[in-house]
Number of protein chains: 2
Amino acid sequence: MASEDDRIEIDIEIDRDAGFVGDYLLYLLAAASDAASADFHAHVREQGLRVPEWRILACLCDEDGQMVTQLAQLALMEQSHLTKIVDQMATKGLVKRRSDERDRRRVRVYLTAAGRVLGTGLVKKAREHEMSIVSRLGATDAARLKAALKDIHAICRGGDDAAGRASSAPAELEASLS
Amino acid sequence: MASEDDRIEIDIEIDRDAGFVGDYLLYLLAAASDAASADFHAHVREQGLRVPEWRILACLCDEDGQMVTQLAQLALMEQSHLTKIVDQMATKGLVKRRSDERDRRRVRVYLTAAGRVLGTGLVKKAREHEMSIVSRLGATDAARLKAALKDIHAICRGGDDAAGRASSAPAELEASLS
DNA sequence: GCGATTAATATGAATTCGCATATTTTTCCC
DNA sequence: GGGAAAAATATGCGAATTCATATTAATCGC
């Protein structure tokens with residue numbers, strides 16, 4: 001019962017011919033997004049922020065005083081979730097709410113001074129981090145990649161709001177799409 | 001106090017010059033991934049599956065009997081989360097566990113007949129859906145995009161396990177990287 | 001071979017997230 | 001202008017997700 005078969009059995013099957021997922025666009029997008037973000041997200045957490053908070057800060061640095069729904073779409077999260085995160089950020093003193101004068105249903109979210117400082121710093125870091133990836137990928141390929149990603153986004157939107165034009169579209173992504 | 005100023009004030013600012021997020025690689029990746037997946041994920045849920053379950057099915061269709069940790073990496077989720085989802089899927093009769101004979105710490109996850117049927121069907125649907133996106137994007141651009149995404153993944157991995165080679169790497173993505 | 005260390009998975013508590021819906025304000029239509 | 005329909009946000013609750021750690025098995029050093 002002792003030493004019958006001590007060969008090391010290699011059970012790691014390297015199937016280079018891939019299967020399905022290894023070349024599936026939706027998987028590649030998710031995997032690339034995850035992998036690319038891991039580094040920076042770790043940095044964000046070191047700053048005492050969670051990822052959704054960072055996203056909101058970044059969006060507000062781009063355009064302060066956005067509406068809740070607008071911001072949620074842009075930050076890729078649900079409205080009710082964004083509302084809750086804004087609560088927390090307000091408690092932390094990073095943002096403040098103010099209801100829109102013209103339409104008092106709307107609530108606009110503004111950066112506080114502290115929020116702007118933190119956000120600006122992180123945006124700078126994010127740019128540096130992005131540059132390090134872009135340089136490793138090559139500037140040309142990176143530019144092509146970005147263009148393709150914008151195309152994908154433009155093509156695939158409509159599952160949400162069926163060819164939703166006008167007011168709800170996250171402005172930044174509309175631009176430069178051809 | 002009645003009609004002082006009824007002009008419709010356009011408060012939607014279309015800033016085509018983008019800000020930061022509109023051209024930030026990590027944002028574009030996340031946004032594209034979200035947008036591209038929305039459709040199909042809706043279909044998955046209509047089949048009574050949640051997205052993580054679909055991911056696991058797909059991975060097992062590619063290679064049955066994977067280890068828990070392996071599977072978690074491949075399916076882009078945490079190990080403890082995967083364990084719980086496998087519990088549920090086992091209850092539903094989609095997968096079954098069997099401990100590895102050589103190393104009884106390891107638990108391998110296998111598809112049941114029902115799981116394979118469901119998974120195979122969804123993979124087929126996923127291929128069709130992917131093709132519809134690829135055709136709208138253009139075959140050449142799509143191929144370039146996939147290559148770039150694989151590059152990104154290869155470049156950015158290392159935040160997790162510092163240049164992790166060998167056994168832990170999700171085989172499919174290693175392949176065809178140059 | 002025996003104890004210490006490491007690997008693989010599971011478990012439990014705390015948090016986040018998402019869905020359905022309530023609430024408040026505005027717009028539309030008559 | 002008054003009530004019904006719509007829009008924007010908030011709330012409550014259940015499920016999903018994470019984090020820290022427990023548990024079990026294998027490997028390494030002596």
Side-chain angles (χ1 to χ4, degrees), chain A residues 1-3 6 8-9 11-12 34 38 41-42 45 49-56 65-91 95 97-109 160-161 164 166-168, chain B residues 1-3 6 8-9 11-12 34 38 41-42 44-45 48-56 65-92 95-109 160-161 164 166-168:
Chain A
M1 62 171 75
S3 64
D6 290 337
I8 293 172
E9 179 117 346
D11 57 342
I12 299 160
D34 267 36
H41 286 178
R45 279 185 286 267
L49 280 185
R50 273 156 295 148
V51 172
E53 292 177 319
W54 147 240
R55 289 202 173 132
I56 291 173
Q66 294 194 66
M67 290 170 41
V68 167
T69 305
Q70 221 175 104
L71 203 48
Q73 274 195 238
L74 201 55
L76 308 176
M77 65 185 80
E78 285 220 317
Q79 176 264 313
S80 79
H81 185 205
L82 182 121
T83 290
K84 288 162 191 171
I85 295 178
V86 167
D87 284 347
Q88 301 172 352
M89 293 177 77
T91 301
V95 301
R97 282 182 231 251
R98 201 188 323 150
S99 68
D100 189 304
E101 285 307 311
R102 306 256 168 203
D103 185 341
R104 303 235 311 285
R105 291 172 301 184
R106 296 178 178 177
V107 170
R108 294 193 175 273
V109 184
D160 298 323
D161 52 16
S167 65
S168 69
Chain B
M1 61 169 75
S3 63
D6 289 337
I8 293 172
E9 179 117 345
D11 57 342
I12 299 159
D34 266 37
H41 286 177
V44 165
R45 279 185 286 266
L49 280 185
R50 273 156 294 147
V51 171
E53 292 177 320
W54 146 241
R55 289 204 172 130
I56 291 172
Q66 294 194 66
M67 290 169 42
V68 167
T69 304
Q70 219 175 105
L71 202 49
Q73 275 195 237
L74 200 54
L76 308 175
M77 65 185 81
E78 285 218 317
Q79 176 264 314
S80 80
H81 186 205
L82 183 122
T83 291
K84 287 163 190 172
I85 295 179
V86 167
D87 285 348
Q88 301 172 351
M89 294 176 77
T91 301
K92 286 190 188 179
V95 301
K96 53 181 182 263
R97 281 182 232 250
R98 201 187 325 149
S99 68
D100 189 304
E101 285 307 311
R102 305 258 167 201
D103 185 341
R104 303 234 311 286
R105 291 172 302 184
R106 296 178 178 177
V107 171
R108 295 192 175 272
V109 184
D160 298 325
D161 52 17
S167 65
S168 69

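Proteins get letters first, then strands, A, B, ... in listed order; numbering begins at 1 in each. Just so it is clear, the model here is predicted, and its values are computed rather than measured.
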Atom CZ of Arg108(A) and atom C1' of dA8(D) are separated, to the nearest Å, by 11 Å

So CG of Leu49(A) and NE2 of His41(A): to nearest 0.5 Å the spacing works out to 11.5 Å

Output for pair (Met67(A) CE, Leu74(A) CG), nearest 0.5 Å, gives 12.5 Å

Rounded to whole Å, CZ of Arg106(B) lies from C1' of dT27(D) at a distance of 12 Å

- request: Please step through side chain to side chain contact (heavy atoms under 4.5 Å, CB included) for the pair His81(A) and Ile85(A), ending with a clear verdict.
  value: CA-CA 6 Å; His81(A) 185 205; Ile85(A) 295 178; 3.3 Å; yes

With sugar-phosphate taken as primed atoms, P, OP1 and OP2 and all else as base, the protein-contact string of nucleotides 10-21 of chain D at under 4.0 Å (heavy atoms; B, S, -) is BBBB--SSBB--

Rounded to whole Å, the CD-C1' distance (Gln70(B) to dT9(C)) equals 14 Å

query = Any donor and acceptor pair, going by atom type alone, linking the side chain of Glu53(B) with main-chain N or O of Arg50(B) inside 3.5 Å?
reply = yes

From CZ of Arg102(B) across to P of dT27(D) the rounded distance in Å is 11 Å

In whole angstroms, the gap separating C1' of dC28(C) from CG of Asp103(A) amounts to 14 Å

Can a donor-acceptor pair be found between the side chains of Gln73(A) and Thr69(A) at a distance below 3.5 Å? no

Distances for protein N or O near nucleotides 4-6 of chain C N or O, under 3.5 Å:
none

From CE of Met67(B) across to C1' of dA26(D) the rounded distance in Å is 13 Å

Side-chain contact check for Arg104(B): nearest option of dA8(D), dT9(C), dA26(D) is dA26(D)

By side-chain contact (heavy atoms from CB on, under 4.5 Å), Val107(B) pairs with (sequence neighbours left out) Val68(B), Arg97(B)

In whole angstroms, the gap separating C1' of dT16(C) from CZ of Arg55(A) amounts to 14 Å

Interatomic distance, CH2@Trp54(B) vs CZ@Arg45(B), rounded to 0.5 Å, equals 13.5 Å

Do the charged groups of Asp103(A) and Arg105(A) touch, with an N to O distance under 4.0 Å? yes

Rounded to whole Å, CD of Glu53(A) lies from C1' of dC17(C) at a distance of 14 Å

Between Ala75(A) and Ile56(A) the two heavy atoms that sit nearest each other are CB-CG1, 4.5 Å

